[in-house]
Amino acid sequence: MSKPEILVARAVFPEVIARLEEHFTVQANQADETWSQAELIARLQGKAGVFTTGGDRIDAQVLAACPQLKICANMAVGYNNFDLTAMTAAGVLATNAPDVLTETTADFGFALLMATARRITESEHFLRAGQWTKWGFDMFAGSDIHGATLGILGMGRIGQGIAKRGAHGFGMKVIYHTRSRLDAALEAECQAAYVSKDELLARADHLVLVLPYSPAAHHTIGAAELAQMKPTATLINIARGGIVDDAALAVALRNKTIAAAGLDVFEGEPAVHPDLLTVPNVVLTPHIASASLPTRLAMANLAADNLIAFLTGKAPLTPLNPAVLAAARA
Ligand code: GLV
């Protein structure tokens, strides 16, 4: 029997391609070309599965043009690049890559918070530019992390990881807001107190965003919310571009409505709002929160495991629309 054909839409670890090749005829993209939707559709013809990353959009148009497609396996925990409703309607399984990236991403959230609050990149640019001629009593004086109030918006696994780091490692008071409140045992483990969104905005010294993107979450933080924050506060976005109104944030940073921001994700990335590039009090990183080598390998292997399991008749590990499995069984 011939092997099923799959597409790997972006360059990935060669050892993961080799694993996939044991089970499938693989069309890879190790040159990491950027494809238009039409090019993606052309390459998906005859493919039963596709290995995607967070930038590869699978929508109703792609699905309609690729009737042989059975599974899209995302090498990301977020899946706002998938139109899940359209995938379920088309009977196409979607999988993501949760859990394996939780601790690495929480580490990065904390690193970005510390770099932002303590003005690390801003001061490094100053030093590299040869501007350091003498010590100054308030030179790059930032805000403290230990003992401060850490606010977390969205309290899934990554949010909980950040809460634990803050509470246990830095003696922070942790407050959070999310759609569904944690149970008492998890709140105790995270030493986190549930508050309203308004209270979170008003009280946080450092506010970390870790909620998933959905159209309802678009511009969760805009001019009005920024105005509710303390002028000394820092805002960290490791969630998704579009959760923050980047134009409004650039204005708030320039006007010092808040003290500083650390951003790993951007509206319309890899493009970055030009005004964010010219304000000094923002730390900018190119969507690398999960980027430790072991974690990226684990994410790629999990996407591959989902493809291998599903297309060889076994249960996928992390299905997003299990209704598709039930329908296939019926
Ligand atoms: C990264 O942003 C992910 O969703 O895995």
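Indexing begins at 1, ligand by ligand and atom by atom, following the structure's order. We count residues from 1, following the sequence as given.
- Counting the atoms of ligand 1 from 1 in the order shown, those under 4.0 Å from a heavy atom of Met299 are 5 (O).
- Proximity of the aromatic rings of His273 and Phe266 is defined here by a centroid distance below 6.0 angstrom, and this criterion is not met.
- Note: an N/O pair closer than 3.5 Å links Val77 and ligand 1 by distance alone.
- Close N/O approach between Arg240 and ligand 1 is found [any backbone or side-chain N/O within under 3.5 Å].
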> Should Asn81 and Asn74 be marked as a side chain to side chain donor-acceptor pair (under 3.5 Å) after you check the CA-CA gap, both sets of side-chain angles, and the distance that decides it?
Replying inline: CA-CA 9 Å; Asn81 57 314; Asn74 222 24; 3.0 Å; yes
> Does the pair Arg57 and Thr52 meet the rule for a side chain to side chain donor-acceptor pair (under 3.5 Å), with working shown?
Replying inline: CA-CA 8 Å; Arg57 177 109 191 109; Thr52 53; over 6 Å; no
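- Heavy atoms of His287 come nearer than 4.0 angstrom to ligand 1 in at least one pair.
- With a 4.0 Å heavy-atom cut-off, ligand 1 is reached by no atom of Val265.
- Counting non-hydrogen atoms of other residues, nucleotides and ligands closer than 6.0 Å to CG of Leu277 gives a total above 12.
- A salt bridge does not link Arg10 to Asp56: none of the charged side-chain nitrogens sits closer than 4.0 Å to a carboxylate oxygen.
- Counting only heavy atoms from C-beta outward, the side chains of Ile145 and His206 approach each other to under 4.5 Å.
- Looking at ligand 1, you'll find an N or O of Gly78 within less than 3.5 Å of one of its N or O atoms.
- Listed by number with element, the atoms of ligand 1 under 4.0 angstrom from any heavy atom of Leu101 are 5 (O).
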